[in-house]
Colleague: 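Below you'll find the structure I mean.
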Amino acid sequence: MPHYRRQLAMAFLRQISREMTPQGQTGFQLLKSEKPPRAVMHEGILTHLQGTSPKWRESYYVLRGDSSLVWFGSKEEQKCGEEPQGSVALTGYTLVASWRECLYQGSTGNHSIQDPDPIIEPPLGFPIYLCHPFRQPLCLCMDTVESQDSWRSFLRDGIRRRGTVLQRKESPDMEAFLDAVKSYRQEKGIYGVDNLLLGTEAEVLTNLLMRDLLPKLRAQKPAMLRGVESRRKWAWRRFLDEVYVLVLKLVSSELQNFHQEKEELQKELEKKIRPEADQMLALSNQIAQKLQTMVCGPAESSLCREVKPQLAWVMEELLRPVRQGLGMIGTLLVHRLDSLLRNVQRSRVVAVLKEEEEAGSILHHKPSGIRVCSLGDMPWDLELMQPCYQKAELYWDSLQALKERFGFQGTKNLVFSAQDLMQQLMENAVYTFQQLSAQHVSSATRRRQVICMLEKVKGRVLKKFESDSSFAQKRFVQEWLVQIFLPYLLRRLELGCKLELHKYEKYVFADYSHIITIENIYEDVVLNFLNQKVNAGMDRAAELRSFQPGEKKEVTAETSTHAALSTWNLEDIHSTLQWDPDPCQDHLQNSHCEGGQEEAGRRNGGTCATQWPPESLDKDPDESERSVLSEGLTIAMDMDIFQTDLLEMDMKGNGSLIEWSQPTELLKSPRPEREPAADGIYSNVAVKTLPGVLGKGRAVVTETLEGEVL
């Protein structure tokens, strides 16, 4: 609590400093979604290993939106609102392969020998085991592999969501709490993040206290912990669980009392800091300049000798999984928006596109009221999102060397952070599409108007998603480079610099001593040195990644959306659909639908354009017409977008992108004769027909969303 009080004052001073300094735009363009998870994420009948003398018992389990797992005697008890038989928060748990890993977690010795009295094997063939450093293991059992896979996905997601609850809150209070925990740990010689910093405030503090208590508890094991090895382990874990619950209860009570005190403390800080913020910031800068003189030499030496040589490969290893995951998120988003547009086209009468509380963005029909497409639940659909999240699991192998080289223990925190970023960007994209659709489409009563507006909304959302994805990747890499190297650097400077900090205490005015701390200024100075190296390294990497003449570029499925979106110029979004004399009204700024065909024709200089008779919009397509009709449903961009980027590539061989060249060289290249397709976007394939400038026919350029040039 003393650390927390000091950090609250420093966090408030930083907040005022940010208010006084123009920050400009945040860098994100998508609207931020604040939609909470569903009240119930998953539920079903499971068999659970419970009791002092462990036995398998069947109960009805519910995974709630706050990532707590509760169980009842039956589903009827849960529906009637009765108290659960038990509950546990998923913070800190890890999925493991067997119960033996749960019991022997953290212990040494050979555990492959079979115990003479092992704990009862699961009665069903599909178990799930979750272990915790201080709690009793969770041993669950299902009757089908489908149920096992489903529960494993939801439990894994619940562990992540519960673990990063503090990191997702951007407030001075949370900043102060995390800084206080960091300061408390550094006094004990522990630097950097690890698994114990996951969870709520009370859970994080309980983890820290349990780690301090664990050696004493092991030295004073109760005499009752006797018997064969497996049952002694089970009894020890059960004893630890009881201690953990007791400590958590005490810590929660202390925090609740402090939160009441904190309100008064913040009012006092407001009165004290705000009128004198200029003087405090000026004093902090003066002390920082003095500390720079002391820190510069040792910090520069460590950075150049140990950090800088490793910066490039760590940066690349941080970027690759999150880039692949966000690329898959973008691909998923594109396909779902295309699907929505197809459903609009196939519907008979479209009334309104609006957001519903339960189902998200749903397109309704009149008069039947049938639900056509739902987008709001996409970020919470684990069947869709899990393949994207799995890309973050690559960090476990790719960054293994950091543990030995720099003492980095936060790989789990890193994985969770990347997965949170993927989910948040998907939430933001869906929410932005919902809001723009409700704003511009709700007034449309005719299908042709709805399709036209949705095409433009889709284009805008994809452009914003591309921009946010690029910005988020850069910020993610920068933040985690600091999380990896700053603790290492502080540890290296501890003997040479930190022990000298007491000499600078005299420069802090007595009135400001409870607000300005030398330790915080010192860490800011070291952080500034590190940020300079990180930013320079990222700039060099960006230059090296820029496309050079003659360099090959490999486009993979994982980065398909990134490749496709960066190739397309989404700023010029025009509809190539042709309507009857009753044109759709343009409700979006700087966009148009009426006359789009003629304008496209003028720009393309004779490029073939698709005519869409109005009667095709008033009937459902048969299978033979569906492929042609899908062109008109999913067009979101003007086709001359390829003239600036895609046509500057020389395509040789089996659709590989070899090198940059001029469009005329592309047209001179010999091509096999094939029947050209009509221009348009066929769900996930873009086609562009060019007039033959040499008078020898036409060149057809086709690119899939997977980045493959056909």
Side-chain angles (χ1 to χ4, degrees), residues 1-23 166 169-191 201 205 254-255 257-299 482 486-487 489-491 493-532:
M1 289 306 165
H3 291 279
Y4 198 178
R5 291 184 180 91
R6 288 196 297 269
Q7 295 301 333
L8 276 173
M10 197 65 189
F12 189 76
L13 182 60
R14 290 196 190 102
Q15 181 186 8
I16 294 178
S17 176
R18 288 191 289 264
E19 294 173 0
M20 297 170 59
T21 305
Q23 299 295 319
L166 290 182
K169 294 180 180 178
E170 298 178 358
S171 69
D173 287 2
M174 291 303 102
E175 177 186 348
F177 176 79
L178 294 175
D179 285 344
V181 171
K182 180 177 68 173
S183 176
Y184 171 80
R185 284 158 57 88
Q186 287 180 2
E187 281 191 352
K188 297 178 175 294
I190 304 172
Y191 289 83
E201 291 176 275
L205 295 183
E254 290 287 339
L255 276 175
N257 295 334
F258 177 72
H259 284 316
Q260 298 174 357
E261 174 191 341
K262 185 172 66 174
E263 295 179 2
E264 296 298 325
L265 178 60
Q266 289 174 328
K267 292 178 182 179
E268 294 178 4
L269 292 174
E270 175 80 21
K271 295 177 182 179
K272 177 65 177 177
I273 296 178
R274 193 169 291 279
E276 304 182 41
D278 290 336
Q279 293 89 329
M280 293 180 183
L281 292 173
L283 178 61
S284 298
N285 291 333
Q286 293 174 8
I287 298 174
Q289 292 175 4
K290 297 179 184 297
L291 289 174
Q292 283 178 0
T293 305
M294 177 187 68
V295 173
C296 181
V482 170
L486 181 60
L489 194 57
L490 291 173
R491 192 183 303 112
L493 298 176
E494 184 172 15
L495 294 178
C497 297
K498 191 171 183 179
L499 295 180
E500 302 294 322
L501 294 183
H502 67 278
K503 299 179 181 179
Y504 296 85
E505 295 286 353
K506 61 184 179 181
Y507 296 110
V508 180
F509 300 158
D511 291 344
Y512 299 162
S513 59
H514 65 291
I515 299 173
I516 298 175
T517 62
I518 297 298
E519 289 79 5
N520 281 334
I521 299 176
Y522 163 73
E523 290 194 14
D524 288 342
V525 170
V526 177
L527 175 61
N528 184 52
F529 279 111
L530 177 59
N531 275 331
Q532 292 176 7

Colleague: Taking the side chain as everything from C-beta on, heavy atoms only, tell me whether Leu489 gets closer than 4.5 Å to Leu527.
Modeller: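 The answer is no, as the side chains (C-beta and beyond) never meet within the 4.5 Å cut-off.
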Colleague: Enter the distance from Leu291:CG to Leu501:CG here, rounded to the nearest 0.5 Å.
Modeller: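 So the gap between those two atoms works out to 6.5 Å.
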Colleague: If you look at every heavy atom in Ala277 and Ile16, which pair is closest and at what distance?
Modeller: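 Reported closest heavy-atom pair: CB-CG2, 3.7 Å.
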Colleague: Any side-chain hydrogen bond (donor to acceptor under 3.5 Å, both in side chains) pairs touching residues 287-299, not counting sequence neighbours?
Modeller: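 Sorted result for residues 287-299: empty, none.
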Colleague: Looking at every heavy atom in both Cys497 and Val295, which two are closest together, and how far apart are they?
Modeller: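 Smallest interatomic distance, heavy atoms only, reads SG-CA, 4.3 Å.
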Colleague: Nearest 0.5 Å please: distance from the CD atom of Gln266 over to the CD atom of Glu261.
Modeller: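 One gets 11.0 Å once the value is rounded to the nearest 0.5 Å.
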Colleague: Which residues pass the salt bridge (charged side-chain N to carboxylate O under 4.0 Å, His left out) test with Glu523, not counting sequence neighbours?
Modeller: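 With neighbours one apart ignored, the set is Lys182.
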Colleague: Hey, what do you get for CG (Leu493) to CZ (Phe529), rounding to the nearest 0.5 Å?
Modeller: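 Here the rounded value is 10.0 Å.
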Colleague: Under 3.5 Å, sequence neighbours excluded: what are the donor-acceptor pairs made by side chains of residues 502-518?
Modeller:
| from | atom 1 | to | atom 2 | distance (Å) |
| --- | --- | --- | --- | --- |
| His502 | ND1 | Leu499 | O | 3.0 |
| Lys503 | NZ | Glu500 | OE1 | 2.6 |
| Tyr512 | OH | Glu276 | OE1 | 2.6 |
| Ser513 | OG | Ala510 | O | 2.9 |
| His514 | ND1 | Asp511 | O | 3.4 |
| Thr517 | OG1 | Asn520 | N | 3.4 |
| Thr517 | OG1 | Asn520 | ND2 | 2.8 |

Colleague: Measuring from Arg185:CZ to Tyr191:OH, what's the distance to the nearest 0.5 Å?
Modeller: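 Going from the CZ atom of Arg185 to the OH atom of Tyr191 covers 11.5 Å.
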Colleague: How many angstroms lie between CG in Leu255 and NZ in Lys262, if you round to the nearest 0.5 Å?
Modeller: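 Result: 8.5 Å between the selected atoms.
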Colleague: Before accepting this row, confirm whether a basic side-chain N of the pair Glu175/Arg14 lies closer than 4.0 Å to the acidic partner's carboxylate O.
Modeller: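 Yes, charged N to carboxylate O under 4.0 Å.
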Colleague: Look at the side chain of Asn285 and the backbone N and O of Leu281, then say whether any donor-acceptor pair between them is shorter than 3.5 Å.
Modeller: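 Yes.
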Colleague: Does the side chain of Glu519 reach to within under 4.5 Å of the side chain of Arg6, using non-hydrogen atoms?
Modeller: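 Counting from C-beta outward, Glu519 and Arg6 never come under 4.5 Å.
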Colleague: Hey, is the main chain of Met280 close enough, under 3.5 Å, to the side chain of Ser284 for a donor-acceptor pair?
Modeller: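 Yes, because the side chain of Ser284 sits within donor-acceptor range (under 3.5 Å) of the backbone of Met280.
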Colleague: What residues, two or more places apart in sequence or in another chain, satisfy ring-ring contact (aromatic ring centres under 6.0 Å, His included) together with Phe177?
Modeller: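 For Phe177, the residues satisfying ring-ring contact (aromatic ring centres under 6.0 Å, His included) (neighbours in sequence not counted) are Tyr4.
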Colleague: Tell me, please, which residues at least two apart from Arg274 pass salt bridge (charged side-chain N to carboxylate O under 4.0 Å, His left out).
Modeller: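 Per chain and number, Arg274 pairs via salt bridge (charged side-chain N to carboxylate O under 4.0 Å, His left out) with Glu19, Glu270.
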Colleague: Less than 4.5 Å apart, any side-chain heavy atom of Gln279 and any of Leu283?
Modeller: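 No, side chains not in contact.
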Colleague: List in chain and number order the residues that pass salt bridge (charged side-chain N to carboxylate O under 4.0 Å, His left out) with Glu494, two or more places apart in sequence or in another chain; answer none if no residue qualifies.
Modeller: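 Result, salt bridge (charged side-chain N to carboxylate O under 4.0 Å, His left out) vs Glu494: none returned.
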Colleague: Would you say the side chain of Asp278 lies within less than 4.5 Å of the side chain of Met20, judging by non-hydrogen atoms?
Modeller: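 Side chain of Met20 against side chain of Asp278, heavy atoms only: contact under 4.5 Å found.
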Colleague: Could you tell me which non-hydrogen atom of Ala176 sits nearest to which non-hydrogen atom of Ala11, and how far apart they are?
Modeller: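 Closest approach of Ala176 to Ala11, heavy atoms only: CB-CB, 4.0 Å.
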Colleague: Taking atom CD1 of Ile521 and atom CD of Gln286, what is their separation to the nearest 0.5 Å?
Modeller: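 That separation rounds to 10.0 Å.
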